[in-house]
Amino acid sequence: MNIENSCIVIFGASGDLTFRKLIPALYNLFRVGRLGQHFSVLGVARSELTDDSFRTKMRDALIKFEKAEGQELEDFCTHLYYQAVNTSEALDYAKLLPRLDELHDKYGSCGNTLYYLSTPPSLYGVIPECLAAHGLTTEEYGWKRIIVEKPFGYDIKTAKELDEKIHHYFEEHQIYRIDHYLGKETVQNLLVLRFSNGLFEPLWNRNFIDYVEITGAEAIGVEERGGYYDGSGAMRDMFQNHLLQVLAMVAMEPPAIINADSMRDEVAKVLHCLHPLTAEDVKNNVVLGQYVAGEVDDQMVAGYLAEKGVPADSNTETYMAIKCEIDNWRWAGVPFYVRTGKRLPTRVTEVVIHFKTTPHPVFSQNAPENKLIIRVQPDEGISMRFGLKKPGAGFEAKEVSMDFRYSDLSSASSLLTAYERLLLDALKGDATLFARTDAVHAC
Ligand code: NDP
Ligand code: BG6
């Protein structure tokens, strides 16, 4: 599917996500010819920047993060524009009207507009309302889509309230709730591994699987985001969105066809089957922790309470582990152990499927376990562990491994990163890899 000429309006354009992820993703899409020439990017925030100073800031970020250089970089920057708007003040949005008219005329984008909300979440309900007040949400002149960053609400009540607000001005098909884990090639590969191989399906259930582990470990701390993180914690920052989406990919039923609706139906179904925890279950099935000062790569690093923006008496968890159960025929009785944390010894995101052992140990009491390890990042790949005979006398079994590494595929270097893939999909109008409202509520 080709993308149509369009304008991408980024709210929160002076912020961290814009220069670290969004602009680099757009630049890379431009570089490989996926964006064409008929697009513009209009950055919006309260800071008083001009087109030129915004371009300079973004150029510096591209040089720093993408090692960008030369004519390609200069060409890309000519597509960048900026408009200062007080984003919580409805009247101020009038400034967008002449800018958007000018850009749609210049790039022949006929009103097609993708709004990206990369501001503090308190504005996710406000911006759609202010856009609507100026007629900027109607599709009479070109399509209008809106990408909403995480967190989508703080709990079920606020998530529903936010949905209601956004739905006043945008229809569900126009709303793209981003979860960048769904844009990761290796997360999507979980589906292809499961549903394009006859080998796994007969084993993929409670009869053969003992338990499943899903780990999202990070070596970094909260960095500059202590203010945000402290109101969120590991549970809201990683578990209820990214890791539950991974769990859904592992546990969902095969969709009849791969399209946005049938995929998202299956994801929502499995999330709805997650067994709710009572207060008693929480005591037994959830572990929370917080990192303290220590040494990483021979360097002393601060504990969580000494991080910028974190109150000295904060109780926010930076580590969590939880035992989840899925109440359906496929998974009843199979625990899914999910854990995530910051400042852990190593960075690894992986899914490990532990198969049941043989019914009777013929060779030794410690027969190796059969495991399928799906490494989401880094060193993306898949590894199957099983037992073979240890060379020499006797019949002792030893664990061996059959490995596949993504980097061995010759096409691996041309893979799109998560933000590249998701921005491209939103520009094409493909919502398959975005979270639907019922799944967000279930999470
Ligand atoms: P920042 O705090 O760095 O940026 C926030 C942006 O919003 C700035 O451009 C700020 O610019 C603008 N803004 C507009 N109105 C307001 C207002 N009333 N108060 C404060 N700022 C305002 O945040 P991030 O870029 O890190 O994150 C943006 C969103 O993306 C957040 O919701 C975050 O949860 C989410 N996110 C961020 C990730 C990251 O890695 N950074 C990862 C995943 C999600 P100005 O002050 O000029 O108006
Ligand atoms: C973000 C979280 O959504 O995901 C961060 O807010 C976390 O705290 C990040 O570090 C992890 O993403 P990735 O792609 O590096 O695994």
Side-chain angles (χ1 to χ4, degrees), residues 9-25 42-49 53-54 57-58 61 65 82-90 92-93 116-127 130 147-154 162 177-187 214-246 291 304 307-309 316-320 340-344 346-350 375-378 380 417-422 435:
V9 181
I10 303 179
F11 287 93
S14 58
D16 175 86
L17 186 68
T18 302
F19 70 81
R20 268 196 324 112
K21 298 282 186 188
L22 306 182
I23 293 292
L42 178 62
V44 178
R46 296 169 305 178
S47 303
E48 290 295 339
L49 300 177
S53 54
F54 181 60
K57 201 167 144 72
M58 296 304 126
F65 296 116
Y82 184 85
Q83 178 61 53
V85 170
N86 182 350
T87 26
S88 31
E89 186 50 63
D92 220 34
Y93 284 64
Y116 198 119
L117 305 192
S118 175
T119 61
S122 53
L123 291 172
Y124 293 170
V126 175
I127 294 171
C130 297
I147 300 186
V148 187
E149 257 300 341
K150 56 168 277 211
F152 199 89
Y154 182 76
L162 177 58
R177 298 171 194 80
I178 197 162
D179 184 315
H180 78 278
Y181 266 54
L182 291 179
K184 289 184 191 279
E185 188 70 23
T186 35
V187 172
I214 299 176
T215 305
E218 295 188 90
I220 54 170
V222 293
E223 301 187 299
E224 299 299 308
R225 299 172 66 219
Y228 147 75
Y229 192 90
D230 200 62
S232 155
M235 184 79 81
R236 289 186 171 84
D237 185 51
M238 286 290 291
F239 171 72
Q240 72 81 31
N241 38 42
H242 305 326
L243 297 180
L244 279 185
Q245 292 292 342
V246 174
Y291 64 82
Y304 178 67
E307 300 279 19
K308 200 170 123 203
T316 297
E317 79 286 358
T318 64
Y319 174 88
M320 62 150 298
T340 181
K342 293 204 182 275
R343 283 271 184 250
L344 293 177
T346 186
R347 175 179 182 237
V348 61
T349 306
E350 70 180 14
R375 181 71 82 100
V376 174
Q377 63 188 18
E380 292 82 352
T417 65
Y419 274 99
E420 290 163 18
R421 170 73 199 260
L422 294 173

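Positions are given from 1, in the same order as the sequence printed here. As the structure lists them, so they are numbered: ligands from 1, and atoms in each ligand from 1. Source: prediction; values computed, not measured.
- Looking from atom 29 (C) of ligand 1 to the surrounding protein, the closest heavy atom is Thr119 O, 3.4 Å.
- Below 30°, between 30° and 60°, or above 60°: for Tyr229 and Tyr304 the angle between ring planes is above 60°, a perpendicular geometry.
- Near Ala13, meaning under 4.0 Å from one of its heavy atoms, ligand 1 places the atoms 9 (O).
- Here is the list of ligand 1 atoms found below 4.0 Å of a heavy atom in Ala45: 9 (O), 11 (O), 45 (P), 47 (O), 48 (O).
- Of all atoms in ligand 1, numbered sequentially from 1 with element shown, those under 4.0 Å from a heavy atom of Leu123 are 14 (C), 15 (N), 16 (C), 17 (C), 18 (N).
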Q | Audit row: Asp237, Tyr228, side chain to side chain donor-acceptor pair (under 3.5 Å) steps and yes/no | A | CA-CA 10 Å; Asp237 185 51; Tyr228 147 75; 2.5 Å; yes
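- When only non-hydrogen protein atoms are considered, atom 46 (O) of ligand 1 lies nearest to Arg46 NH2, 2.9 Å.
- Within the listing of ligand 2, atoms 5 (C), 7 (C), 8 (O), 10 (O) sit less than 4.0 angstrom from a heavy atom of Lys342.
- The shortest N or O to N or O distance between Ser88 and ligand 1 is not below 3.5 Å.
- In summary, the atoms of ligand 2 found under 4.0 Å from a heavy atom of Arg225, numbered by their order in the structure, are 2 (C), 5 (C), 6 (O), 8 (O).
- In the vicinity of His242, heavy-atom distances shorter than 4.0 Å reach the ligand 2 atoms 1 (C), 3 (O), 4 (O).
- Of the heavy atoms in Arg225, only side-chain atoms (C-beta onward) come closer than 4.0 Å to ligand 1.
- Of all atoms in ligand 2, numbered sequentially from 1 with element shown, those under 4.0 Å from a heavy atom of Glu218 are 7 (C), 10 (O), 11 (C).
- The heavy atom nearest to atom 28 (C) of ligand 1, considering only Ser118, Gly227, Pro151, is found in Ser118.
- Thr349 does not count as a contact of ligand 2, since none of its heavy atoms falls under 4.0 Å from the ligand.
- When Thr87, Asp179, Leu17, Val148 are checked for heavy-atom proximity to atom 14 (C) of ligand 1, Thr87 turns out nearest.
- Considering Lys150, Glu48, Arg20 only, the shortest heavy-atom separation from atom 34 (O) of ligand 1 involves Lys150.
- Considering backbone and side-chain atoms alike, Tyr419 places every N or O at 3.5 Å or more from each N or O of ligand 1.
- Cation-pi geometry between Lys57 and Phe54 is not satisfied (NZ or CZ under 6.0 Å from the ring centre, within 45° of the ring normal).
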**Q.** Audit row: Ile10, Ile23, side-chain contact (heavy atoms from CB on, under 4.5 Å) steps and yes/no
**A.** CA-CA 10 Å; Ile10 303 179; Ile23 293 292; 4.3 Å; yes
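- For ligand 2, the atoms closer than 4.0 angstrom to any heavy atom of Asp237 are 2 (C), 5 (C), 6 (O), 8 (O).
- Within the set Ile10, Asn241, Asp16, the minimum heavy-atom distance to atom 23 (O) of ligand 1 is found for Asp16.
- The shortest separation from a heavy atom of Tyr124 to ligand 1 is under 4.0 Å, placing the residue in contact.
- The ligand atoms of ligand 2 that sit less than 4.0 angstrom from a heavy atom of Arg347 are 15 (O).
- Listed by number with element, the atoms of ligand 2 under 4.0 angstrom from any heavy atom of Lys184 are 13 (P), 14 (O), 16 (O).
- Not a single heavy atom of Tyr229 sits less than 4.0 Å from an atom of ligand 2.
- Proximity of Ser122 to ligand 1, defined as any heavy-atom pair under 4.0 Å, is not found for any part of the residue.
- For Phe19, no heavy-atom contact with ligand 1 is shorter than 4.0 Å.
- Counting protein heavy atoms only, atom 47 (O) of ligand 1 is closest to Ser47 OG, 2.4 Å.
- A donor-acceptor pair under 3.5 Å is formed between the side chain of Thr318 and the backbone N or O of Tyr291.
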